[in-house]
Amino acid sequence: MSRIIGVNTLVFNEELQTGKKEQWEFFDGFARIGFPFVEVRREFFRNLEEELVQTREMAKKNHLALFYSIPDVLFVEEEVNLHLEKYFEEAASLGAEQVKLTLGDYHSFTPGGVSSLMKLLEAYPAIKLTIENDQSLKAGSAHALTRFIVKAHEENLPVSLTFDTGNFSFIQEDAEVAARILADFVNYIHLKNVKLVAPGAIELALYETGDIKMDSVLAAFKEHVAAVIEYPCETWDVLEKQYHRIMKL
């Protein structure tokens with residue numbers, strides 16, 4: 001496969017949730033497997049300023065590019081999130097190439113919202129902004145994301161979409177159909193399979209063991225669109241096997 005495949009630190013979710021490890025402590029292993037970039041998650045930082053520096057240095061040591069996942073939204077009560085500038089400052093301190101949020105309370109772009117967002121993105125030209133589909137109809141459906149991104153591009157805002165393969169299952173949408181609808185707007189893919197284990201109960205699965213035909217979903221996107229493994233693997237052996245399984249496509 002010529003598609004670039006990275007890793008999200010969620011792969012070692014348990015160790016990070018319990019505080020046994022810091023995200024940067026996995027970087028040596030990620031580099032050994034062959035990942036070219038890591039998506040770190042803001043919610044896993046406990047001493048933010050100190051860890052941003054440590055993470056940046058460990059990424060540099062291991063020649064890993066960094067993406068920054070933010071557990072927050074672009075729009076709060078239909079206005080651009082006031083914390084957005086702070087997140088971009090953190091991303092710059094981290095040396096991250098990309099900031100990812102979810103959509104939030106989007107209704108439309110106000111002239112002030114367009115201006116403030118454009119000003120921020122121009123101030124950080126090296127950092128991309130990408131918006132991920134969440135697990136709600138309001139901000140996670142193919143229709144909602146299309147409505148947002150078309151308007152953003154009409155306003156000449158350099159914003160793209162992150163396509164989370166698994167999140168569509170939570171709103172009963174077909175990921176293959178959504179991929180065909182959104183493909184032209186997507187700059188990044190979260191690889192996450194899911195499995196229906198009981199009526200209304202969904203759990204995460206490995207790439208090849210869930211209900212989504214992941215190979216078919218990936219085929220909807222051009223190969224220059226990077227993807228990241230974003231589901232618990234918990235052991236290095238499982239992670240490495242998943243990486244090589246996907247790279248064989």
Side-chain angles (χ1 to χ4, degrees), residues 8-10 17 39-49 51-52 67-94 96-173 175 178 181-182 184-190 192 194 200 202 228 230:
N8 185 296
T9 55
L10 183 74
Q17 288 279 14
E39 184 173 29
V40 295
R41 304 174 72 94
R42 191 176 192 268
E43 66 267 31
F44 288 152
F45 288 127
R46 286 175 289 278
N47 300 298
L48 184 64
E49 291 186 12
E51 289 183 55
L52 290 177
F67 291 177
Y68 194 27
S69 173
I70 308 288
D72 204 352
V73 297
L74 181 59
F75 289 92
V76 178
E77 296 180 352
E78 301 183 8
E79 298 290 341
V80 173
N81 192 333
L82 295 177
H83 296 301
L84 199 58
E85 184 170 4
K86 176 180 67 175
Y87 298 147
F88 270 75
E89 289 173 356
E90 292 169 4
S93 177
L94 189 61
E97 298 178 5
Q98 178 170 279
V99 166
K100 180 201 68 68
L101 301 97
T102 52
L103 186 56
D105 304 319
Y106 173 74
H107 177 69
S108 63
F109 279 102
T110 64
V114 171
S115 177
S116 65
L117 189 52
M118 183 69 79
K119 184 177 179 180
L120 176 65
L121 296 175
E122 288 176 346
Y124 294 92
I127 303 174
K128 298 175 184 176
L129 175 61
T130 183
I131 303 302
E132 178 187 23
N133 55 298
D134 67 10
Q135 296 174 6
S136 73
L137 283 170
K138 181 180 72 172
S141 70
H143 171 75
L145 271 293
T146 300
R147 181 171 168 270
F148 158 73
I149 199 66
V150 167
K151 184 60 177 176
H153 288 184
E154 286 176 356
E155 298 290 351
N156 296 313
L157 290 166
V159 182
S160 299
L161 298 180
T162 289
F163 187 95
D164 187 297
T165 59
N167 282 352
F168 289 101
S169 296
F170 290 88
I171 55 173
Q172 289 77 55
E173 284 197 8
I181 293 170
L182 297 172
D184 289 343
F185 305 113
V186 171
N187 79 313
Y188 188 45
I189 306 162
H190 273 180
K192 179 197 299 176
V194 297
I202 295 174
V228 67
E230 196 213 24

(message) Using salt bridge (Lys or Arg N to Asp or Glu O under 4.0 Å), reason through Lys86 and Glu90 one step at a time and then give a plain yes or no.
(response) CA-CA 6 Å; Lys86 176 180 67 175; Glu90 292 169 4; 5.1 Å; no

(message) I'd like to know whether Arg147 forms a side-chain contact (heavy atoms from CB on, under 4.5 Å) with Lys151, so could you lay out the CA-CA distance, the side-chain angles of the two residues, the decisive distance to 0.1 Å, and finally the verdict.
(response) CA-CA 6 Å; Arg147 181 171 168 270; Lys151 184 60 177 176; over 6 Å; no

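Contact of the Gln17 side chain with the Phe44 side chain is registered, since non-hydrogen atoms from C-beta on lie closer than 4.5 Å. Between Leu117 and Leu84, some side-chain heavy-atom pair lies under the 4.5 Å cut-off. At a threshold of 4.5 Å between non-hydrogen side-chain atoms, the residues Tyr68 and Ile127 do not count as touching. Between Leu129 and Tyr124 there is no side-chain heavy-atom pair separated by less than 4.5 Å. The shortest distance between side-chain heavy atoms of Leu74 and Asn81 does not fall below 4.5 Å. Side-chain contact between Leu82 and Val76: absent, with no pair of heavy atoms (C-beta onward) separated by less than 4.5 Å. His107 places none of its side-chain heavy atoms less than 4.5 Å from the side chain of Glu79.
In this structure, the separation between OH on Tyr87 and CG on Leu120 is 12.5 Å, given to the nearest 0.5 Å. Rounded to the nearest 0.5 angstrom, Lys192 NZ and Asp164 CG are separated by 3.5 Å. Summarising the geometry, atom CG belonging to Leu182 is positioned 4.5 Å from atom OG1 belonging to Thr146; distances are rounded to the nearest 0.5 Å. Here the straight-line distance linking atom NE2 of His143 with atom CD1 of Ile181 works out to 10.5 Å at 0.5 Å rounding. Of the inter-residue distances, the one linking Leu157 atom CG with Met118 atom CE reads 4.5 Å to the nearest 0.5 angstrom. To the nearest 0.5 Å, atom CG of residue Leu10 and atom CZ of residue Arg41 are 4.5 Å apart.
Ring orientation note: the planes of Tyr188 and Phe67 are nearly perpendicular, at an angle over 60° on the 30°/60° scale.
Ring centers of Phe75 and Phe109: under 6.0 Å apart, within the cut-off. Ring centroid separation for the pair Phe163 and Phe185 does not come in under the 6.0 Å cut-off.
Side-chain atoms of Ser160 never come within 3.5 Å of backbone atoms of Thr130 as a donor-acceptor pair (strictly under, hydrogens ignored). With hydrogens and angles disregarded, no donor-acceptor distance shorter than 3.5 Å links the side chain of His83 to the backbone of Val73. Judged by distance alone, the side chain of Ser141 and the main-chain N or O of Ser136 form no donor-acceptor pair under 3.5 Å.
Open room surrounds CG on Asp184; 12 or fewer heavy atoms of other groups in view lie less than 6.0 Å from it. Within a 6.0 Å sphere centred on CD of Glu154, other residues, nucleotides and ligands contribute more than 12 heavy atoms.
Residues Arg42 and Pro71 approach most closely at CB-CD, 3.7 Å, considering heavy atoms. Of all non-hydrogen atoms in Gly140 and Asn133, the two that sit nearest each other are O-CB, 3.4 Å. In this structure, Asp134 and Asn167 approach most closely via the heavy-atom pair O-CB, 3.7 Å. Taking every heavy atom of both residues into account, Leu103 and Ile131 meet most closely at N-CG2, 3.6 Å. Counting all heavy atoms, side chain and backbone alike, Asp72 lies closest to Leu101 at O-CB, 3.4 Å. Taking both residues in full, the closest heavy atoms of Gly104 and Lys138 are given as O-CE, 4.1 Å, listed atom of the first, atom of the second, then distance.
Residues Glu39 and Lys100 are not paired through a salt bridge, judged by the lack of any N-O separation under 4.0 Å between the basic side chain and the carboxylate. Taking a cutoff of 4.0 Å between a charged side-chain nitrogen and a carboxylate oxygen, Lys119 and Glu85 do not qualify as a salt bridge.
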